[in-house]
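Report on the structure given below.
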Protein chains: 2
Amino acid sequence: MLTNSEENYLKEIYNLEEYFNTEINTNLIAKKIDAKASSVTDMLKKLANKDLLIYQKYKGVKLNTNGKKKALSVIRKHRLWETFLVEKLDFNWDEVHDIAEELEHIRSEKLTNHLDAFLNFPVVDPHGHPIPNKEGDFKKMETICLSNLGIKQEGVLVGVKNSSDTFLRFLSNKNISIGCKIKVVHKEEFDNSLSINIGNNQFNISENVANNLYLKK
Amino acid sequence: MLTNSEENYLKEIYNLEEYFNTEINTNLIAKKIDAKASSVTDMLKKLANKDLLIYQKYKGVKLNTNGKKKALSVIRKHRLWETFLVEKLDFNWDEVHDIAEELEHIRSEKLTNHLDAFLNFPVVDPHGHPIPNKEGDFKKMETICLSNLGIKQEGVLVGVKNSSDTFLRFLSNKNISIGCKIKVVHKEEFDNSLSINIGNNQFNISENVANNLYLKK
DNA sequence: ACTAATATTTAGACTAGCCTAAAAATATTT
DNA sequence: AAATATTTTTAGGCTAGTCTAAATATTAGT
Ligand SMILES: [Mn+2]
Ligand SMILES: [Mn+2]
Ligand SMILES: [Mn+2]
Ligand SMILES: [Mn+2]
């Protein structure tokens, strides 16, 4: 049986591994979890003892099959609850993350699976992130980052990379949401900012913003 | 901000006060919470310091307005989630308590209120227990205990007192559920057991069982 | 290759929430 | 009203999860 804290570590380590595709080091985890490096070291030892990851002093850490499975279960719950909040309880996509951080630790598997069915087995959450199924499997969507699109090219927004409240609210304010058709009108060489077209509106976004938007052509 | 443990204490103290209508003592709480009396003493001091209840050494304890409000908020959440699980996720009334014990601690008030609306503002949970509204108000139902009914009298089952899994499963097995019309056919003087009629079935139940069933005439 | 900077781990301390055992207060018998 | 039994509190200890400060290992710069 895992504690909430252990579950959080596994989840964040999983996310970091996905993002960096390499062994994850102590400081990176500390930043994600918002704890001190020494606390992380303690927890890594504990998780290694519980056979959830491979830990070698000074060498970073890597989830094993066991740990990956647990991490995916937490991620599944997080994303199902976010979907529930948006689809059924009229929440906005920028209001659900913190609540899902609590709900993701509810233990009943039956609850998770019934929730999944109630929502009609959604495959992505409100931020376009894939929801693992009961077995932990999910399809990686073939997407392209907006910043890699060429001039005159277009695509439909299917996901955001950064899903902080502030970024999501920024997008909402600009009327950018999942499903929007986005077309690149101009790319500024100097700072890689983009001029884009959504519906009848045209405006500029920074490279940073473009880096966090994923499209399907 | 209250911890889960503090919330549990407030909730159970509230329930005990409702049940016994008197100051609640340490051992009673210890039994309910399933902890040792010494642990209870520690917690009572803490809750008194946080201005949630009145505690005098050796004299028992009594929630103040503040504490009652918090207790009712936890009870509201518990019963709303139980209702959600039965109404929306196809759970049985004997499967929901333990899950609601976890869900009742999710902090977002907006979540609670949206859930309430999603369920169409239910006034009782799956066990016939009243659900406090946003302000903490609820109507006490005028009910009569089955063991106080006379021969030939009848009523509709509207609530159970004991809502342990085992008792609820016992009722399910006998096809007794909220909404049933129950008629007293015979009362055994020796042990106060009852012969009752539900639909076309007639059978016997012990005084203990009758004590835990509440009817509306 | 040495030195300086950075990253990581260890050592020791703290809080919340629990425990056991002993002490103290209260309640019940005789 | 004593003696006994019960209840409650205190004292001291444990674990999980965090922290700070110090020690140690690794990496980078010259
Ligand atoms: Mn989230
Ligand atoms: Mn999400
Ligand atoms: Mn319950
Ligand atoms: Mn209930």
Side-chain angles (χ1 to χ4, degrees), chain A residues 1-13 16-17 19-20 22-63 67 70-71 74 101-102 104-107, chain B residues 1-14 16-17 19-20 22-63 67 70-71 74 98 101-102 104-107:
Chain A
M1 193 76 300
L2 298 175
T3 66
N4 287 8
S5 188
E6 289 169 335
E7 287 192 341
N8 283 333
Y9 273 86
L10 292 175
K11 181 186 62 169
E12 296 302 356
I13 294 168
L16 289 168
E17 284 182 356
Y19 194 93
F20 291 105
T22 153
E23 310 247 304
I24 301 307
N25 60 33
T26 306
N27 268 347
L28 220 47
I29 300 171
K31 204 166 294 168
K32 262 283 176 198
I33 296 279
D34 195 27
K36 294 299 146 96
S38 54
S39 310
V40 173
T41 302
D42 284 352
M43 182 58 92
L44 294 182
K45 284 177 186 166
K46 191 150 59 120
L47 294 173
N49 269 339
K50 287 198 176 189
D51 190 31
L52 294 158
L53 46 75
I54 314 279
Y55 167 66
Q56 282 177 286
K57 269 191 192 185
Y58 297 100
K59 292 286 160 69
V61 89
K62 196 166 149 36
L63 294 181
K70 301 288 187 185
V74 179
E101 284 297 316
E102 299 187 45
E104 73 191 3
H105 301 293
I106 305 291
R107 279 165 180 69
Chain B
M1 196 78 293
L2 299 175
T3 65
N4 287 9
S5 187
E6 289 168 334
E7 287 193 339
N8 284 332
Y9 273 84
L10 292 175
K11 181 186 61 170
E12 295 304 354
I13 293 169
Y14 181 93
L16 289 168
E17 284 182 358
Y19 194 95
F20 290 105
T22 155
E23 308 248 301
I24 301 306
N25 59 35
T26 306
N27 268 347
L28 220 48
I29 300 171
K31 204 167 292 166
K32 260 286 176 193
I33 294 280
D34 196 28
K36 294 298 147 97
S38 54
S39 309
V40 173
T41 302
D42 284 352
M43 182 58 93
L44 294 182
K45 284 178 186 168
K46 191 150 59 120
L47 294 174
N49 269 337
K50 288 198 175 188
D51 190 32
L52 294 158
L53 47 75
I54 314 280
Y55 166 67
Q56 281 177 286
K57 269 193 190 183
Y58 296 102
K59 291 288 160 66
V61 92
K62 195 166 148 38
L63 293 182
K70 300 288 187 186
V74 178
D98 289 351
E101 284 297 315
E102 298 187 47
E104 73 191 4
H105 301 292
I106 305 291
R107 277 162 182 75

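Computed from a prediction, not measured in an experiment: that's the story for all the values here. Note on naming: letters A, B, ... go to the chains in the order of the sequence lines (proteins, then strands), and numbering restarts at 1 for each one.
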So, does [X] get its side chain near the phosphate of [N], meaning an N or O under 4.0 Å from OP1 or OP2?
X: B/Thr41; N: D/dT9; result: yes
X: A/Asn27; N: C/dT8; result: yes
X: B/Tyr58; N: C/dA23; result: no
X: B/Tyr9; N: C/dC18; result: yes

When the distance from [atom1] of [X] to [atom2] of [N] is rounded to whole Å, what number comes out?
X: A/Asp34; N: D/dT18; atom1: CG; atom2: P; result: 10 Å
X: A/Glu23; N: D/dT27; atom1: CD; atom2: P; result: 12 Å
X: B/Lys59; N: D/dT9; atom1: NZ; atom2: P; result: 11 Å
X: B/Glu6; N: C/dA16; atom1: CD; atom2: P; result: 9 Å
X: A/Lys45; N: C/dT8; atom1: NZ; atom2: P; result: 14 Å
X: A/Asp42; N: C/dA11; atom1: CG; atom2: P; result: 11 Å
X: B/Glu7; N: C/dA16; atom1: CD; atom2: C1'; result: 15 Å
X: B/Asn8; N: C/dC18; atom1: CG; atom2: C1'; result: 14 Å

Rounded to the nearest 0.5 Å, the NE2 atom of B/His105 sits from the CD1 atom of A/Ile106 at a distance of 9.0 Å
Output for pair (B/Glu7 CD, B/Asn4 CG), nearest 0.5 Å, gives 6.0 Å
So which atom in [X] and which in [Y] form the shortest heavy-atom distance, rounded to 0.1 Å?
X: B/Leu53; Y: B/Leu63; answer: CB-CA, 3.8 Å
X: A/Ala37; Y: A/Asn27; answer: CB-OD1, 3.7 Å
X: A/Asn8; Y: A/Ile33; answer: O-CD1, 3.9 Å

Fill in: Shortest side-chain distance from A/Met43, nucleotide among D/dT18, D/dT10, D/dT8
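Nearest listed nucleotide: D/dT18.
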What nucleotide, of C/dT20, D/dC19, D/dT9, holds the atom closest to the side chain of A/Ala35?
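Output: D/dC19.
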Is it true that B/Lys31 and B/Glu12 have a side-chain N and a carboxylate O under 4.0 angstrom from each other? no
Residues A/Glu6, A/Lys70: salt bridge by 4.0 Å N-O rule | no
In Watson-Crick or G-U wobble terms, with both distances under 3.5 Å, the base opposite C/dT30 is D/dA1
(request) Decide yes or no on side chain to side chain contact (heavy atoms under 4.5 Å, CB included) for A/Glu23 and A/Glu17, but give the supporting numbers first. (result) CA-CA 7 Å; A/Glu23 310 247 304; A/Glu17 284 182 356; over 6 Å; no
Classify the nucleic acid contact of [X] as base, sugar-phosphate or nothing, counting any heavy atom under 4.0 Å across all strands shown.
X: B/Thr26; answer: sugar-phosphate
X: A/Ala37; answer: base
X: B/Ser5; answer: sugar-phosphate

When B/Lys57 and A/Ser39 are each assigned the nearest nucleotide of DNA chain D, the 5'-most assignment goes to B/Lys57
Atom pairs under 3.5 Å, N or O on each side, protein against nucleotides 2-5 of chain D: can you list them with distances?
none

### Message
Check this for me: does the side-chain of A/Ser38 come within 3.5 Å of the base of C/dT8 through a donor and an acceptor?
### Response
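Absent.
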